[in-house]
Amino acid sequence: MTTSDARPVDAKQPELSVITPVCNESRNIEALLKRLVPVLERCAASFEVIFVDDGSTDDTLDLLRAAHAADSRMRALSLSRNFGKEIAIAAGLDHAKGAAAIIMDADLQHPPELIEAFVARWREGYKNVFAQRVDRSVNTPLRRMLTQRFYQLFSSVGDTRLPEGAGDFRLLDARAVAALRTMREHARFSKGLFAWIGFKSAGVPFDVEARFHGESKFSYRKLTHLALDGLMSFSTMPLKVWSYIGSATSLLALTMASFYLIRTIILGVDVPGYASLIVSITFFAGIQLLSLGILGEYIGRIFAEVKRRPLYLIEERIGINPPGVDGPSIRPRSG
Ligand code: UDP
Ligand code: MG
């Protein structure tokens, strides 16, 4: 595969599309573009930057309009409300026209300079090039510890293998993007989807930088939700584990029954027993509620998917046509 394969046929189809979800990031956008644009100019024949405004309530959208007016390669989609980062990424992927798409955060935690290494790997033929964190020291120790536990759990019960330290910061070839577009699930765990699609993959190590301005938008509540989405979308273990627990407890109950039967035959009726009774009733009621809750989690997700609502709604397009208006929005590479 030669470099020339990747050259766009016309200006409408840039070589690279950078997708950046933004939610109240007005203080970071200028700094981001200052670092990003020179990198893109160095390593791509042409490019577009697609900001997906995920229901910002500050002046992020005004800044994006101004950025487009100053440079038409800066484009934006404004979603009708906050749909969450995972959905914002999906919206960006749906509208990327490049021969490759790069997904990155707006807060400069993802160093734009790494894109040069991504592009180099892509030109070597890799279609799914991801940044691999070498340490997570910018996050709090608690978040780090919980994240680590989550990945351990995911790798032991999940059906998809996640490469270690890989996140959303990555380059995807047009073919990988096309594959992701076919996945319209609402409970989106992007890292899992990126791993699921496969394609020739490579990791590029990097150090996460500190957030430039503002605070992380991911509270522990949101992270828990994401972790549950990840586990439930990529594993049926939580559903299956109940048959094992159920058989084990029934076996235990049978053993107890025979024990009491024999004891009663030998020693006669033993009147007290209230304590053991109430303990076991409460214990098994708890187990039943827990297993029902797990079923509920899955059924809730099935319900969300069968409604077949659109993933997101767009309120405003800045320099971006609806998909299909200017021909196929994706131009697969030859070869
Ligand atoms: N983001 C978004 N929608 C949200 C939350 C976050 O589009 O509901 C964007 C945010 O603007 C940033 C990226 O997702 O560009 C990563 O968010 P953040 O830095 O808050 O997450 P963290 O780095 O702590 O994982
Ligand atoms: Mg961040």
Side-chain angles (χ1 to χ4, degrees), residues 18-36 49-64 67 74-96 101-112 114-115 130-148 150-151 162 165-170 186-192 194 206-227 229-230 311-316 318:
V18 175
I19 298 165
T20 301
V22 284
C23 178
N24 298 335
E25 300 285 3
S26 64
R27 302 218 292 158
N28 293 324
I29 288 173
E30 204 193 315
L32 170 72
L33 288 179
K34 221 161 138 185
R35 264 175 76 181
L36 177 64
V49 181
I50 301 180
F51 287 98
V52 184
D53 171 31
D54 186 20
S56 295
T57 49
D58 64 356
D59 55 348
T60 296
L61 190 55
D62 297 330
L63 284 181
L64 297 179
M74 306 300 138
R75 298 164 186 175
L77 289 171
S78 177
L79 303 186
S80 62
R81 64 170 169 86
N82 179 269
F83 281 88
K85 179 184 174 185
E86 309 292 312
I87 303 273
I89 291 176
L93 288 171
D94 287 346
H95 292 84
I102 291 160
I103 300 167
M104 69 185 299
D105 287 358
D107 56 4
L108 285 169
Q109 285 195 283
H110 295 162
L114 209 66
I115 290 175
F130 52 88
Q132 221 164 2
R133 265 178 316 259
V134 274
D135 83 288
R136 288 178 174 267
S137 49
V138 292
N139 286 329
T140 63
L142 177 66
R143 179 165 165 183
R144 250 178 8 236
M145 193 270 286
L146 292 174
T147 309
Q148 215 177 3
F150 168 75
Y151 285 107
L162 294 183
D168 298 331
F169 186 25
R170 63 178 63 225
H186 287 244
R188 289 186 91 79
F189 179 61
S190 302
K191 289 184 227 345
F194 296 149
F206 86 117
D207 274 309
V208 186
E209 293 181 17
R211 210 172 205 289
F212 188 61
H213 266 301
E215 280 178 3
S216 170
K217 268 113 206 146
F218 284 86
S219 57
Y220 282 107
R221 197 178 62 83
K222 267 194 178 176
L223 285 171
T224 310
H225 206 85
L226 186 63
D229 272 348
L311 277 183
Y312 53 83
L313 294 174
I314 295 172
E315 188 165 348
E316 187 177 338
I318 302 166

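Order of appearance sets the numbers: ligands from 1, and atoms from 1 within every ligand.
- Using a 4.5 Å heavy-atom threshold, the side chains of H186 and L311 count as touching.
- For D105 and K85, the salt-bridge test passes: some basic side-chain N is under 4.0 Å from an acidic carboxylate O.
- An N or O contact shorter than 3.5 Å is missing between E215 and ligand 1 by distance.
- Here the side chain of N24 pairs a donor or acceptor atom with the backbone of T57 at under 3.5 angstrom.
- Heavy-atom distances between M104 and ligand 1 stay at or above 4.0 Å for every pair.
- Looking from atom 22 (P) of ligand 1 to the surrounding protein, the closest heavy atom is S216 OG, 3.6 Å.
- Here's the thing with V52: none of its N/O atoms is less than 3.5 angstrom from an N/O atom of ligand 1.
- By the 3.5 Å distance cut-off applied to N or O atoms, T20 is not counted among the residues near ligand 1.
- Between T20 and I29 the shortest side-chain heavy-atom distance does not fall below 4.5 Å.
- The backbone N or O of E25 lies less than 3.5 Å from a partner atom in the side chain of T60, making a donor-acceptor pair.
- Interface of V22 with ligand 1, defined as ligand atoms under 4.0 Å from a residue heavy atom, comprises 7 (O), 11 (O).
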Before you tell me yes or no, could you show the steps for E86 and S190 under side chain to side chain donor-acceptor pair (under 3.5 Å), namely the whole-Å CA-CA distance, both residues' side-chain angles and the distance that decides it to 0.1 Å?
CA-CA 6 Å; E86 309 292 312; S190 302; 2.5 Å; yes
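- From the protein, the heavy atom lying nearest to atom 16 (C) of ligand 1 is D105 OD2, 3.2 Å.
- In summary, no N, O or S atom of S216 is located under 2.8 Å from the Mg ion (ligand 2).
- Set against the non-hydrogen atoms of E25, the atoms of ligand 1 under 4.0 Å away are 10 (C), 11 (O), 12 (C), 15 (O).
- Counting only heavy atoms from C-beta outward, the side chains of R133 and Q109 never approach each other to under 4.5 Å.
- Under the 30°/60° scheme for interplanar angles, the aromatic rings of F169 and H110 are found to lie parallel.
- K217 places a side-chain N or O within donor-acceptor distance of the main-chain N or O of C23, the cut-off being under 3.5 Å.
- Contacts between N82 and ligand 1, counted as non-hydrogen atom pairs separated by less than 4.0 Å, involve the side chain only.
- Distances between N or O atoms of P21 and those of ligand 1 include at least one value under 3.5 Å.
- Nearest to atom 3 (N) of ligand 1 among the protein's heavy atoms is D54 OD2, 2.6 Å.
- Looking at ligand 1, you'll find an N or O of A106 within less than 3.5 Å of one of its N or O atoms.
- Atoms of ligand 1 found under 4.0 Å from any heavy atom of K217 (numbered from 1 in listed order, with element): 5 (C), 6 (C), 18 (P), 20 (O).
- Counting only heavy atoms of the protein, atom 14 (O) of ligand 1 lies nearest to K85 CD, 3.3 Å.
- Of all protein heavy atoms, the one lying nearest to atom 18 (P) of ligand 1 is R211 NH2, 3.5 Å.
- Within D107, the N, O or S atom lying nearest to the Mg ion (ligand 2) carries the name OD2.
- Ranking protein heavy atoms by distance to atom 23 (O) of ligand 1, first place goes to Q109 OE1, 2.6 Å.
- Heavy atoms of R143 come nearer than 4.0 angstrom to ligand 1 in at least one pair.
- Shortest contact from atom 21 (O) of ligand 1 to any protein heavy atom: F218 CD1, 3.2 Å.
- Of all atoms in ligand 1, numbered sequentially from 1 with element shown, those under 4.0 Å from a heavy atom of D107 are 19 (O), 23 (O).
- Ligand 1 places these atoms under 4.0 Å from at least one heavy atom of K222: 8 (O).
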